[in-house]
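No experiment lies behind these values; they were computed from the predicted model shown.
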Amino acid sequence: MDNKNNEINSARPEKKKSGGLYRNVNISVKTANAFVAFGSAALLLVIFFTVLLS
Amino acid sequence: MFSNLGVTPLWLVLLAVIAIGALIGFVNGFFVAKFKLHPFIVTLSTQLIIFGAILMYLMIGTNNGQTLSGLDSSYTDFVRGTLFKIGGVAVPKFVLYSAVLTVLMWIVWNKTKFGKNMFAIGSNEEAANVSGVSVFWTIVLVFVLAGVMYGITGFIEGARIASCSSNTGLNYESDAIAACVIGGVSFVGGTGKISGIVIGVLLLQIIFVGLNFLSVDANMLYIIKGLIILVACAVDMRKYLSRK
């Protein structure tokens with residue numbers, strides 16, 4: 001029975017993952033939030049110091 | 001470089017750049033649609049090939065790789081000439097051309113079968129295929145359309161800066177990516193609006209013009225641009241994860 005199921009599964013076309021560029025991204029929303037916060041802070045700091053030093 | 005060539009009619013030049021852009025777009029689209037190669041890799045490869053071809057072209061005759069300048073005034077006036085004035089500030093003609101192209105793209109995206117197919121493939125390629133959409137030709141046509149737009153943009157940009165070198169338009173792709181991502185075009189595919197992209201372009205331009213006014217080091221602008229792309233991608237990814 002198991003062999004038969006395996007045969008059926010292997011005969012099915014592999015379902016293509018959706019998600020475009022992020023289809024292999026496997027992180028939680030919490031980690032993504034931290035990433036966004038860190039990136040935004042870095043951007044603001046760089047702009048602030050660039051304007052300050054110019 | 002070709003001093004005995006004479007002045008080529010503008011419509012012929014425009015047709016030539018559109019045809020060359022379409023051809024390059026077709027090559028890109030063919031490799032992406034047929035062999036399922038990643039578009040970044042394919043376009044990066046053709047970019048290098050074109051860059052080499054331009055460098056060789058600029059070495060022809062006595063030019064020795066120098067910047068092409070002294071362009072005919074009929075060409076530069078066609079793009080840079082004054083359209084109208086607002087309080088003494090001249091608005092150049094290329095603003096009108098960009099507005100016309102934006103409206104044209106809005107119609108293609110929202111009012112044509114090709115536009116609907118494009119979004120369908122971006123959202124779910126398999127579902128679009130099952131629904132009877134020709135995935136291959138739609139992808140090829142998307143790249144051809146992009147190539148045509150690159151050709152027209154090059155035509156306008158050449159006249160705008162009144163010279164052309166191998167470095168003209170270098171890193172413009174990063175500006176385009178940043179503006180699109182800020183404007184809500186998702187890397188997930190099948191998401192994006194022309195109005196969003198226009199807002200993204202204006203927002204990015206305002207940031208960089210503002211930083212230029214503040215006399216910020218030009219090298220720092222690259223760092224800021226890179227960070228903007230990274231943050232915009234992070235926000236886009238977060239949106240995708242929260243929906244998943």
Counting only pairs under 3.5 Å, give me each side-chain donor-acceptor contact of residues 104-114 of chain B, with atom names and distances, residues two or more places apart or in other chains.
residue, atom, partner, partner atom, Å
Asn110(B), ND2, Trp106(B), O, 3.0
Thr112(B), OG1, Val108(B), O, 2.5
Thr112(B), OG1, Gly115(B), N, 3.1

Between the CG atom in Leu227(B) and the CG atom in Leu45(A), the distance rounded to the nearest 0.5 Å is 10.0 Å
(Q) Within the structure provided, determine whether Arg238(B) and Phe35(A) are in side-chain contact (heavy-atom separation under 4.5 Å). (A) no
Taking a cut-off of under 4.5 angstrom between non-hydrogen atoms, the residues of residues 146-157 of chain B near chain A are none
Report, as yes or no, whether the 6.0 Å neighbourhood of atom CZ on Phe48(A) holds more than 12 heavy atoms from other residues, nucleotides or ligands.
-> no
CG of Leu43(A) to CD1 of Ile223(B), rounded to nearest 0.5 Å, is 11.5 Å
Rounded to the nearest 0.5 angstrom, the CG-OG distance for Leu230(B) and Ser40(A) is 10.0 Å
Side chain to side chain donor-acceptor pair (under 3.5 Å) pairs touching residues 127-142 of chain B, sequence neighbours excluded, are none
If you count heavy atoms of other groups shown closer than 6.0 angstrom to CZ of Phe49(A), is the number above 12? no
Ordered numerically, the heavy-atom neighbours of chain A under 4.5 Å found in residues 192-218 of chain B are Leu211(B), Leu214(B), Ser215(B), Val216(B)
So, the part of Leu53(A) with a heavy atom under 4.5 Å from chain B: the answer is neither
**OP:** Please check if atom CZ in Phe94(B) has more than 12 non-hydrogen atoms from other residues, nucleotides or ligands closer than 6.0 Å.
**Re:** yes
Check this for me: Asn171(B), atom CG, are more than 12 non-hydrogen atoms of other residues, nucleotides or ligands nearer than 6.0 Å? yes
(message) With a 4.5 Å cut-off on side-chain heavy atoms, are Tyr22(A) and Leu241(B) touching?
(response) no
Worksheet item: Is any side-chain heavy atom of Ile27(A) less than 4.5 Å from a side-chain heavy atom of Met237(B)?
Response: yes
Okay, Met220(B) and chain A: the region with an atom under 4.5 Å from a heavy atom over there is side chain
_Using a 6.0 Å cut-off, check whether atom OH of Tyr222(B) has over 12 heavy atoms from anything other than its own residue._
no
When the 4.5 angstrom heavy-atom criterion is applied to Ser28(A) and chain B, the contacting part is backbone
